[in-house]
Engineer: 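Would you mind keeping the following structure in view while I ask a few things?
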Amino acid sequence: MKKPTYTDIARLAMVGTATVERVLNGRGGVRPDTVEKVLSASRVLDWPGRLPDQHRGILRIEIILVRPDTTFYSRVAAAFRRIMKSLDKSLQIQLTFIDENDPRAIADRILHPAARRSGLIIVCPAYKEVANALKKLGRAGVPIIQIVSRTVEDLDFVGIDNVAAGRVAAMMVSRLGHVRGSVVALCHSQAYGIHRERIRGFSDYFRDFPNDAIDFKMVTFGRDDHRISAERISEALKDPSLVAIYNAGGANSAVLRELLSSRRDIFFVGHELTENSRLALIEGTADVILDQDPEAQARRAIDIMLSKIGMLAEKIENPPVRFIIVTSENL
């Protein structure tokens, strides 16, 4: 390939050639975020000259997550840490965990990071304060990618098709479970859009394919808390007509313990393949687990971010990440 020119770099970085010349020759007077764009474009195009040393290592991506105590977010964090090891040394990734029940703290971190960042990857509940902060940061030109849960419609999102996941759960109950009786769904709350979408898909399936033998009775909220979820399921199990439960959120282990202790034959569909849900499938307490492959979501989010900040030349396609249907037969 021919040596890239200032014009080539300027076109990729979307700046003027004079700006490229100032950055590559270390003349100063250029905003830090613009410097990052020029240097990123130079790396992508294999600029043969030496890049200014004082700017190396300034590309920083922050990843804001919640609930490090859960298996799912532990998987997400572990995936990002593995990806870190494969990236160029000039790119830094910072994992930040924040209490999901503190929208002000999340919003404050979005707008006031501990160090200047080139991009933000985030998962959190859809609080108004958080949405406003993300919109403000987006208007400032910082690339933002939402993973797992979408808070702002106009920003990039990496995740599964949650409506489809809910419909598949209902299909499993209806066709694989062959149940006759009442059905209950459990989710975190109204705070997560993905849970609303799953419940909508679950409900819509029964509307589209009515079954007189199935009575989708109610949705109950467990906030992905083990104690609260166990209480909600214990209450639901008092209904002798209950034949199936769909857990659209977390705290599977608490729900499954309640089912096991009840000695009831309840068809169970849940999310996320963990050691607990795997064992429940083997033992027959759980029937279907829908795993949203958080490792693939982490990889996709990083690739899109690298493209946005100029570290990858090609555009990354972003269809919904495919979720995995797991039963005892395909563990």
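We use all heavy atoms of the structure for the numbers below, so side chains are in, but hydrogens, waters and symmetry mates are not.
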Engineer: Less than 6.0 Å separating the ring centroids of Phe97 and Tyr73?
Structural biologist: no

Engineer: Quick one: CG on Leu186 to CZ on Arg223, what's the gap to the nearest 0.5 Å?
Structural biologist: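 The CZ atom of Arg223 is 12.0 Å from CG of Leu186, to the nearest 0.5 Å.
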
Engineer: Which value, rounded to the nearest 0.5 Å, describes the distance between Thr285 atom OG1 and Arg257 atom CZ?
Structural biologist: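 If we round to the nearest 0.5 Å, Thr285:OG1 and Arg257:CZ are 12.0 Å apart.
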
Engineer: For Asp208, I'd like to know if atom CG has over 12 heavy atoms of other residues, nucleotides or ligands within 6.0 Å.
Structural biologist: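 Count over threshold, so yes.
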
Engineer: Can you measure from CD1 (Ile98) to CD1 (Ile122) and round to the nearest 0.5 angstrom?
Structural biologist: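 If we round to the nearest 0.5 Å, Ile98:CD1 and Ile122:CD1 are 7.0 Å apart.
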
Engineer: Using a strict cut-off of less than 4.0 Å between a Lys/Arg side-chain nitrogen and an Asp/Glu carboxylate oxygen, indicate whether Glu129 and Arg104 qualify as a salt bridge.
Structural biologist: no

Engineer: Does Met14 CE have over 12 foreign heavy atoms under 6.0 Å away?
Structural biologist: no

Engineer: Around atom CG of Asp265, are there more than 12 heavy atoms of other residues, nucleotides or ligands at under 6.0 Å?
Structural biologist: no

Engineer: Which value, rounded to the nearest 0.5 Å, describes the distance between Ile63 atom CD1 and Ile83 atom CD1?
Structural biologist: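 Rounded to the nearest 0.5 Å, the CD1-CD1 separation comes out at 7.5 Å.
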
Engineer: Is the closest side-chain donor-acceptor distance between Asn252 and Thr274 under 3.5 Å?
Structural biologist: no

Engineer: Between His188 and Tyr192, what is the ring plane arrangement, given parallel below 30°, perpendicular above 60°, and tilted in between?
Structural biologist: perpendicular

Engineer: Show me the donor-acceptor pairs within less than 3.5 Å that the side chains of residues 295-306 make with the rest of the protein, sequence neighbours left out.
Structural biologist:
from	atom 1	to	atom 2	distance (Å)
Glu295	OE1	Arg75	NH2	3.0
Glu295	OE2	Arg75	NE	3.1
Gln297	OE1	Val148	N	3.3
Gln297	NE2	Gln292	O	3.0
Gln297	NE2	Gln292	OE1	3.0
Arg299	NE	Asp303	OD1	3.3
Arg299	NH2	Asp303	OD1	2.9
Arg300	NH1	Asn318	OD1	2.7
Arg300	NH1	Pro319	O	2.7

Engineer: More than 12 heavy atoms of other residues, nucleotides or ligands under 6.0 Å from CZ of Arg264: yes or no?
Structural biologist: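 Counting neighbours around CZ of Arg264, more than 12 heavy atoms of other residues, nucleotides or ligands fall under 6.0 Å, so yes.
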
